[in-house]
Visitor: 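One structure coming up, written as structure tokens, with questions to follow.
Numbering of ligands and ligand atoms starts at 1, following listing order. When a residue number appears, it is its place in the shown sequence, counting from 1.
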Amino acid sequence: MGVFMKIMKFGGTSVGKPERMFQVAELVTKNDEPTIVVLSALSGTTNALVTIGELIAKSEREEAKKQIEKLEEHYLHFVSQLLNDPQSIEKAKAILAEHFEFLTIILKISFSEALNKDILAQGELLSTKLFCIYLEEKGIDHQLLPALEFMSIDGYDEPQVGSIKVKLTQLLKKYKAKKLFVTQGYICRNARGEVDNLKRGGSDYTASLIAAAINASVCEIWTDIDGMHNNDPRIVKKTMPVEQMSFDEAAELAYFGAKILHPASIWPAQTFKVPVKLLNTMHPEAKGTTISEKAGSVGVKAVAAKDNITAIRIKSSRMLLAYGFLRKIFEVFEKYRTPIDMITTSEVAVSLTIDNTTHLKEILKELEPLGTVEVDKDQVIISVVGNEISQTRDIIKKLFGSIVNIPVRMVSYGGSPHNISLLVSAKHKIKILQQLNKGMFGLD
Ligand code: ADP
Ligand code: ASP
Ligand code: MG
């Protein structure tokens, strides 16, 4: 096992319609290289499952039942369009019956977080099983690898890279003669052995973890757009794909809000130097984006926005020349396992941002003895990312020259050589992304 295997991950829209699944089958059988195909749930399914879980949690079981029935209808229709052979259709219907029966049984059980994770896992379990039935109908030899047998996270929700490698390698050894494997993205087992997941958008993370585990030749992420664009195409009209970027640049963009990649999906591939390619299922001939150790060019590549940020300012008169002040602050965040994204300091105050507010109340309580604490919710981090951006001539002038009439709450420059981050109120997000598109990229 090793460098002669590739990973192809297909997101929700790439498998969301029967005709897309036909195309996925074509794409994965085009090359001779042994391939592991990672599939997301059909588009809309995970959202529907989230809603069903929320309804059950609120004891709105009648409404949950209606939603389950609606989802089942959708799948019955999907199967009728995906498959031709009556035997395959029967097989697929039996699978649907099994999974939807499970959801219906859950309606009768008292709700728990563990049960919710079981609900959320149904999407990927269904998409992979249906895809395998389609491959079988077409006579395409393949093997389903159940992700729950090898993908795992520890007590801190971190993937267990060593164990994933051992288990996956063993599993692949069992099927030496096979060349095409199919597995579920997103789902895994946790430290208690329960079904869990890698958080929303986690199929990218699965693909990268598998690529790292088997030292794949490439990790292809197939989606509904031709690669990483210079700006968020959902918000800004004119955006352009970036042909090449480094792991560091891609990791910063993913972490700071470019939805095309799960925030943590770059580091596994980066650690094992597996190039990542972002490709478009609808336009397979498009170049897409290649992410490797090479940056391609120096300078600004893209901007991204990270939502739901909370800024905290701690002002202390005693900070004047006081050492140990920052340590005390950091210890509070460490205690509550809350990562800090941005930080700026002056002689008398520290401003920092977090996106996980689960323990905000406790954190604020423990910060209070250190000084005056102010909190600003509804902020966004705008990150300008590029190779050696901080050494790019006139970058700051250009950046601030682009921004008109938008107050900037924080600026972080020089922490990473590839990133300049600004914090602004969420109400200015659209405007600032548009202004940066014009000012930094000349795109209107
Ligand atoms: P998938 O279901 O294939 O995982 P996602 O919806 O998670 O697809 O990610 C692809 C989407 O990410 C695109 O359709 C696009 O709207 C959005 N997106 C946000 N920022 C960017 C960006 N900088 N470049 C490309 N796509 C982006
Ligand atoms: N199906 C999951 C989600 O919608 C995982 C993924 O698509 O990557 O979040
Ligand atoms: Mg995604």
Side-chain angles (χ1 to χ4, degrees), residues 8-17 20 23-24 38-51 53 71 117 119-128 147 151 183-188 196-210 220-243 245 249-266 276-283 286 288-289 291 300-307 380 382-386 429-430 433 436-437 440-441 443:
M8 296 175 87
K9 175 260 167 176
F10 293 87
T13 39
S14 303
V15 289
K17 289 189 177 143
R20 298 264 157 79
Q23 207 185 350
V24 170
V38 177
L39 298 187
S40 292
L42 313 194
S43 50
T45 299
T46 311
N47 286 345
L49 294 169
V50 168
T51 306
L71 195 62
K117 303 276 176 65
I119 298 174
L120 295 177
Q122 301 308 306
E124 272 70 12
L125 292 170
L126 280 168
S127 66
T128 45
M151 191 54 70
T183 192
Q184 299 88 14
Y186 179 59
I187 63 172
C188 62
D196 210 317
N197 61 64
L198 302 173
K199 312 257 159 55
R200 295 305 306 270
S203 297
D204 304 325
Y205 203 11
T206 302
S208 181
L209 286 164
I210 293 178
E220 294 180 351
I221 309 274
W222 290 81
T223 180
D224 59 357
I225 189 165
D226 52 348
M228 177 76 80
H229 279 220
N230 71 300
N231 204 329
D232 193 328
R234 295 166 300 175
I235 293 173
V236 175
K237 262 195 211 134
K238 235 187 230 166
T239 60
M240 289 199 328
V242 181
E243 237 176 80
M245 61 173 65
E249 291 173 298
E252 301 245 15
L253 283 166
Y255 185 72
F256 286 110
K259 194 204 169 207
I260 187 169
L261 285 171
H262 178 279
S265 59
I266 291 298
V276 176
K277 281 190 168 182
L278 308 180
L279 296 157
N280 190 344
T281 312
M282 274 60 91
H283 295 284
T289 302
I291 302 162
V300 180
K301 294 260 171 64
V303 298
K306 187 169 174 171
D307 299 318
V380 285
I382 304 293
S383 288
V384 182
V385 172
K429 171 178 155 180
I430 296 176
L433 286 179
L436 290 173
N437 215 44
M440 307 290 292
F441 301 97
L443 297 167

Visitor: Please report which non-hydrogen protein atom sits nearest to atom 9 (O) of ligand 1, along with the residue it belongs to and the distance in Å to one decimal place.
Guide: I260 CA, 3.5 Å
Visitor: Relative to ligand 1, is I225 under 4.0 angstrom through side chain, backbone, both or neither, heavy atoms considered?
Guide: side chain
Visitor: Show the numbers, then the answer: is there a side chain to side chain contact (heavy atoms under 4.5 Å, CB included) between K429 and D307?
Guide: CA-CA 9 Å; K429 171 178 155 180; D307 299 318; 2.8 Å; yes
Visitor: Check ligand 2 against T46 and write out every atom of the ligand that is under 4.0 Å from a heavy-atom position of the residue.
Guide: 1 (N), 2 (C), 3 (C), 4 (O)
Visitor: Tell me the closest heavy-atom pair linking I221 and A207, and the distance in Å.
Guide: CD1-CB, 4.2 Å
Visitor: Can you list the steps and then say if M440 with V300 is a side chain to side chain contact (heavy atoms under 4.5 Å, CB included)?
Guide: CA-CA 8 Å; M440 307 290 292; V300 180; 3.7 Å; yes
Visitor: Has G201 got any heavy atom lying under 4.0 angstrom from an atom of ligand 2?
Guide: yes
Visitor: Which ligand 2 atoms does R200 reach within 4.0 Å, using its non-hydrogen atoms?
Guide: 3 (C), 4 (O), 9 (O)
Visitor: To check your reading of the model: name the closest protein heavy atom to atom 3 (O) of ligand 1, its residue, and the distance in Å.
Guide: T223 OG1, 2.7 Å
Visitor: Any atoms of ligand 1 less than 4.0 Å from a non-hydrogen atom of G227? List them with their elements.
Guide: 24 (N), 25 (C)
Visitor: Please test K301 against M228 for side chain to side chain contact (heavy atoms under 4.5 Å, CB included), starting from the C-alpha separation and ending with a verdict.
Guide: CA-CA 10 Å; K301 294 260 171 64; M228 177 76 80; over 6 Å; no
Visitor: Under 3.5 Å between any N/O of G12 and any N/O of ligand 2: does that happen in this structure?
Guide: no
Visitor: Identify, for atom 6 (C) of ligand 2, the protein heavy atom at the shortest distance, and state residue, atom and that distance.
Guide: S203 OG, 3.3 Å
Visitor: Show which atoms of ligand 1 fall inside a sub-4.0 Å distance from at least one heavy-atom site of D224.
Guide: 10 (C), 11 (C), 13 (C), 14 (O)
Visitor: Quick one: does M228 get an N or O within less than 3.5 Å of an N or O on ligand 1?
Guide: no
Visitor: Counting heavy atoms only, which part of N231 comes closer than 4.0 Å to ligand 1: side chain, backbone, both or neither?
Guide: backbone
Visitor: Going by the atom numbers of ligand 1, which of them fall below 4.0 Å from some non-hydrogen atom of K9?
Guide: 4 (O)
Visitor: Please report which non-hydrogen protein atom sits nearest to atom 24 (N) of ligand 1, along with the residue it belongs to and the distance in Å to one decimal place.
Guide: H229 N, 2.8 Å
Visitor: Quick check on contacts: which atoms of ligand 1 are under 4.0 angstrom from a heavy atom of K259?
Guide: 5 (P), 6 (O), 7 (O), 9 (O), 12 (O), 19 (C), 20 (N)
Visitor: What do we get for E124 next to ligand 2 when only non-hydrogen atoms under 4.0 Å count, side chain, backbone, both or neither?
Guide: side chain
Visitor: S203 and K9: which non-hydrogen atoms are nearest, and at how many Å?
Guide: CB-CE, 3.5 Å
Visitor: Tell me the contacting part of R234 for ligand 1: side chain, backbone, both, or neither, using a 4.0 Å heavy-atom threshold, strictly below.
Guide: side chain
Visitor: Any idea which heavy atoms bring D204 and H262 closest together, and the distance?
Guide: OD2-N, 3.0 Å
Visitor: What do you reckon, does P233 put a non-hydrogen atom under 4.0 Å from ligand 1?
Guide: yes
Visitor: If you look at every heavy atom in S40 and G12, which pair is closest and at what distance?
Guide: CB-N, 3.6 Å
Visitor: Any chance you could lay out the side chain to side chain contact (heavy atoms under 4.5 Å, CB included) test for I266 and Y255, step after step, and finish with the verdict?
Guide: CA-CA 9 Å; I266 291 298; Y255 185 72; over 6 Å; no
Visitor: Knowing that exactly one of I430, N231, L436 qualifies, which makes a side chain to side chain contact (heavy atoms under 4.5 Å, CB included) with V236?
Guide: N231
Visitor: Just to verify, which of N230, I235, V303 counts as forming a side chain to side chain contact (heavy atoms under 4.5 Å, CB included) with N437?
Guide: N230
Visitor: Return the closest protein heavy atom for atom 2 (O) of ligand 1 as residue, atom name and distance.
Guide: G12 N, 3.1 Å
Visitor: Locate the shortest heavy-atom distance separating I119 from L49; write the atom from each residue and the value.
Guide: O-CD1, 3.4 Å
Visitor: Using a distance-only test with no angle check, is there a side-chain donor-acceptor pair under 3.5 angstrom linking H229 and D232?
Guide: no
Visitor: Check L39 against E124 and note the closest heavy-atom contact, atom names and distance.
Guide: O-CG, 3.6 Å
Visitor: With a 4.0 Å heavy-atom cut-off (strictly under), which part of S40 contacts ligand 2: side chain, backbone, both or neither?
Guide: side chain
Visitor: Report, in ascending order of atom number, the atoms of ligand 1 lying under 4.0 Å from any heavy atom of D232.
Guide: 19 (C), 20 (N)
